[in-house]
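When reading the values below, keep in mind they use all heavy atoms of this one structure, side chains included, and skip hydrogens, waters and symmetry mates. Please read these numbers as outputs of a predicted model, since none were measured by experiment. Throughout, protein chains are lettered first and strands after them, A, B, ... in sequence-line order, and every chain is numbered starting at 1.
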Amino acid sequence: MTVSSAATTPRLRFAPSPTGYLHVGGARTALFNWLYAKHFGGVFLLRIEDTDKARSTDESERAIFNGLEWLGLNWDEEVVHQGANLERHQRDAQALLDAGAAYRCFCTAAELDERRKEADSRKEAFKYDRRCDRLSADEVERRVAAGEPHVIRMRAPDTDVEWNDLVHDRIAFPGKDIDDFVILRSDGTPIYNLAVVSDDIAMRVTVVMRGDDHISNTPKQILIYRALGAELPTFAHLPMIHGLDGKKLSKRHGATAVGDYQHLGLIPGAMLNFLALLGWSPGGDREVMTMEEMIELFSVDGLQRKAAIFDPKKLEWMNGQHLSVISLEELEPRVTPAIIAAGLADVKTLEDRREWYRSLLDLLRVRARTIDDIVRQAIPYFADQIEYDADAVAKYWKDPSEARSILSATKDALAAGPWDSISLESALRTLADTRGVAAGKIFQPLRVALTGLTVSPGIFEMLMIMGRDLALHRLDTAIAKLA
RNA sequence: GGCGCUAUCGUCUAGGGGACUAGGACGGGGCCCUCUCAAGGCCUAAACACGGGUUCGAAUCCCGUUAGCGCUACCA
């Protein structure tokens with residue numbers, strides 16, 4: 001066996017099975033693999049584990065691609081499909097047989113099931129009793145020649161298996177607890193543990209980073225590596241993600257697919273940042289980070305051993321933070337499709353008023369936690385007609401004639417002078433003084449007239465971004481409505 | 001049942017023998033700012049699962065208990 005130099009570039013892979021959508025747990029596993037690769041100048045590979053034909057679909061494969069692409073977790077080299085490597089898997093099984101590390105087993109699934117139940121009823125741990133390993137060579141040959149169906153099993157040695165896990169340090173399994181596990185089915189297709197090892201060797205994967213639900217597969221896989229004479233990769237087992245109730249994250253917990261969050265108006269940078277913090281810490285108080293910062297700060301030392309609970313509240317907060325700090329160049333293309341989908345404007349309008357549009361986004365993003373929040377808030381600046389919120393009317397237009405009087409005085413004051421925020425503000429504050437009321441008595445009814453809502457950005461910022469025509473038009477409409 | 005993994009505020013975490021009166025963040029409560037809502041600033045409640053060791057000294061090291069989770073297929 002050759003000893004590789006320490007300078008070998010790390011090769012990592014994310015290996016989902018295409019049996020659903022890209023789950024946030026999977027996304028986080030992918031992220032850590034990706035961060036490791038980027039941080040250490042390595043390579044990030046993608047392998048689709050589609051050997052379970054019954055459950056794998058093209059649709060979910062596409063969903064996985066889309067999810068990873070949306071997140072920006074780009075992979076190097078061609079996507080590997082495990083199902084395409086059947087011949088190599090079989091060759092490796094044969095090699096294991098030839099090397100004496102594995103043997104043929106003629107026990108049927110039904111027989112095994114029966115024995116398993118028996119052991120169960122006696123409250124004993126079931127372990128294959130190796131009866132087929134004791135068959136004579138002649139008998140095996142005869143039964144194979146007769147075409148009797150059989151599987152291939154690894155002959156697990158009694159020695160303990162241990163490895164130095166990147167996140168858990170030393171993990172050890174007593175040899176006596178490792179079963180003679182099946183590596184090739186009677187139909188000639190490989191079992192997971194064989195396919196994984198065979199592919200990881202072929203892909204020259206040096207770091208196997210995956211969920212800790214694979215810890216108990218690891219000793220079996222190590223046995224295969226050794227029997228195949230391959231160098232062991234470094235293993236890293238990441239903790240799971242749980243829902244708010246502490247159970248494994250599932251559909252019951254609401255959105256669990258990355259695509260769900262995309263549609264909920266999250267941005268990938270925030271999603272990634274949030275996911276990274278679920279199971280990893282850069283140390284100290286660091287929280288809001290860009291991709292570049294995460295790559296820079298990534299270290300296996302910060303990897304957590306404990307399962308983390310997915311907290312949607314913090315995700316939202318994180319998204320709000322990212323919405324506020326990313327550049328307008330980055331924000332705009334994320335919001336525009338949503339604005340268009342909501343029917344507020346078309347592409348041309350947005351392009352024609354590019355600068356104005358960007359100022360609007362800049363104004364709205366500070367009080368938004370999702371893209372959808374921005375779209376909702378943007379309505380008054382685009383729509384021809386606005387709806388008046390009942391509570392807003394009840395509260396600030398309580399007395400219609402009084403409200404009408406204030407609004408028309410407001411309109412006159414605004415229309416009289418130049419349209420800049422300083423002039424507008426002084427006009428309205430003067431009006432308040434003249435009428436002997438607090439400024440809020442002017443601002444709030446005006447806010448309702450302009451937006452139909454009680455909540456909006458600052459009144460002068462709003463007047464400026466709406467522009468004279470639209471603002472005055474809104475006032476006319478409101479005054480007419482109150483008549 | 002067996003094997004394995006894990007255990008700091010409700011949640012995410014800092015912490016790697018003395019710097020701990022255990023720090024930060026989300027969420028909660030309060031105050032400030034203020035034309036509303038956010039954002040921001042300040043303050044506040046809130047945790048080392050339990051029991052033994054080791055040590056002059058333990059959130060930190062070891063052992064046990066308990067609890068949670070995972071695996072225990074001719075699934076991946």
Side-chain angles (χ1 to χ4, degrees), chain A residues 15-17 19 49-52 54-56 82 105 107-109 112-113 116 119-120 122-127 149-153 165 168 171-174 176-179 181-187 189-193 195-196 211-219 237 239-240 242 244 246-248 274 277-288 301-302 304-311 313-318 320-321 324 364-369 373 377 392 395-396 425 428-429 432 438-444 446-448 451 453-460 462:
Chain A
S17 43
T19 54
E49 308 216 320
D50 55 355
T51 50
D52 185 346
R55 293 195 297 157
S56 301
Q82 189 158 69
C105 170
C107 298
T108 66
L112 257 11
D113 217 46
R116 213 183 317 271
D120 226 44
R122 287 197 308 267
K123 290 197 176 246
E124 280 171 19
F126 174 78
K127 202 179 159 192
H150 60 276
V151 301
I152 294 179
R153 281 185 190 273
D165 197 274
H168 295 272
I171 298 183
F173 282 77
K176 65 175 172 58
D177 292 325
I178 304 171
D179 210 0
F181 55 102
V182 176
I183 54 173
L184 202 72
R185 297 188 184 88
S186 50
D187 67 359
T189 59
I191 287 294
Y192 173 73
N193 285 315
V196 166
D212 66 14
D213 48 343
H214 285 289
I215 287 180
S216 38
N217 281 322
T218 307
H237 289 93
M240 307 270 86
H242 290 167
L244 253 15
K247 304 277 189 219
K248 192 172 171 181
F274 172 75
L277 255 26
L278 227 49
W280 174 71
S281 166
D285 299 338
R286 214 50 197 289
E287 295 232 277
V288 179
D301 295 337
Q304 202 67 19
R305 286 183 292 266
K306 185 184 61 167
I309 291 175
F310 190 92
D311 180 3
K313 284 267 181 41
K314 188 152 185 176
L315 207 209
E316 271 206 11
W317 167 80
M318 182 64 80
Q321 294 294 308
S324 297
L364 300 183
R365 65 169 164 176
V366 67
R367 72 209 77 218
R369 288 198 155 188
D373 286 342
Q377 293 177 49
K395 192 167 181 189
Y396 297 113
E425 177 156 7
L428 291 194
R429 294 211 184 267
K441 291 289 182 194
I442 305 289
F443 296 167
Q444 283 306 105
L446 172 58
R447 189 184 314 280
V448 177
T451 65
L453 305 168
T454 56
V455 173
S456 82
I459 205 89
F460 304 107
M462 220 176 17

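- Between B:rU8 and B:rG15, the two P atoms lie 14 Å apart (nearest whole Å).
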Distances under 3.5 Å only, N/O to N/O: pair up the protein atoms with those of nucleotides 8-11 of chain B.
| unit_1 | atom_1 | unit_2 | atom_2 | d |
| --- | --- | --- | --- | --- |
| B:rU8 | OP2 | A:Lys306 | NZ | 2.6 |

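- B:rU66 and B:rC50: their C1' atoms are spaced 7 Å apart (whole Å).
- Contact annotation for A:Ser281: backbone-only contact, meaning every heavy-atom pair under 4.0 Å involves sugar-phosphate atoms and none involves a base.
- Nearest heavy-atom pair, A:Ser56 versus A:Asp50, reported as atom, atom and distance to 0.1 Å: OG-CA, 3.5 Å.
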So which protein nitrogen or oxygen atoms get under 3.5 Å of nucleotides 62-68 of chain B's nitrogens or oxygens?
none

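- The side chain of A:Ala109 lies closest to B:rC74 when the candidates are B:rC5, B:rC75, B:rC74.
- Side-chain N/O atoms of A:Arg122 include none lying less than 4.0 angstrom from OP1 or OP2 on B:rG1.
- Heavy atoms of A:Arg286 sit nowhere under 4.0 angstrom from any nucleic acid atom.
- Contacts of A:Gln377 with the nucleic acid, taken as non-hydrogen atoms under 4.0 Å apart, are absent.
- Formation of a donor-acceptor pair under 3.5 Å by the A:Thr451 side chain with backbone atoms of A:Arg447 is found in this model.
- You'll find that the side chain of A:His168 is closest to B:rU6, out of B:rU36, B:rU6, B:rA76.
- Between the side chain of A:Ser456 and the base of B:rC37 there is no donor-acceptor pair of N/O atoms closer than 3.5 Å.
- Within 4.0 Å of A:Thr51, counting heavy atoms only, lie sugar-phosphate atoms of the nucleic acid but no base atom.
- Regarding contacts with the backbone of B:rA73, every side-chain N or O of A:Arg153 stays at 4.0 angstrom or more from both OP1 and OP2.
- On the C1' atoms, B:rC26 is 28 Å away from B:rA19, given to the nearest whole Å.
- Nearest to the side-chain atoms of A:Asp52 among the listed nucleotides B:rA76, B:rA39, B:rG24 stands B:rA76.
- Checked against B:rC74, B:rA76, B:rA25, the side chain of A:Glu287 finds its nearest nucleotide in B:rA25.
- B:rA73 and B:rA59: their C1' atoms are spaced 42 Å apart (whole Å).
- The C1' atoms of B:rC35 and B:rG30 are separated by 23 Å, rounded to the nearest whole Å.
- Looking at heavy-atom distances under 4.0 Å, A:Val151 makes contact with a base.
- In this entry B:rG64 has B:rC50 as its Watson-Crick or G-U wobble partner, both defining distances falling under 3.5 Å.
- Nucleic acid contact class of A:Pro149 (heavy atoms, under 4.0 Å, all strands): none.
- Contact of A:Asn217 with B:rA76 (side chain to base): a donor-acceptor pair of N or O atoms is detected under 3.5 Å.
- B:rG40 and B:rC32 make up a base pair, with Watson-Crick or G-U wobble contacts both under 3.5 Å.
- Residue-level contact check: A:Ser17 touches the backbone only, with heavy atoms under 4.0 Å from sugar-phosphate atoms and none from bases.
- Counting non-hydrogen atoms under 4.0 angstrom, A:Gly279 reaches the backbone sugars and phosphates but no base.
- Contact check, A:Gln444 against B:rU34: no side-chain N or O comes under 4.0 Å of OP1 or OP2.
- A:Phe310 contributes atom CZ, which lies 14.5 Å from atom CE of A:Met240 (distance to the nearest 0.5 angstrom).
- Spacing of C1' atoms, B:rU54 relative to B:rC62, comes out at 7 Å, to the nearest Å.
- Using Watson-Crick or G-U wobble geometry with both donor-acceptor distances under 3.5 Å, B:rC71 finds its partner in B:rG2.
- Distances from the side chain of A:Arg369 to the nucleotides B:rG27, B:rU6, B:rC5 place B:rG27 closest.
- Not a single donor-acceptor pair under 3.5 Å links the side chain of A:Arg305 to the backbone N or O of A:His237.
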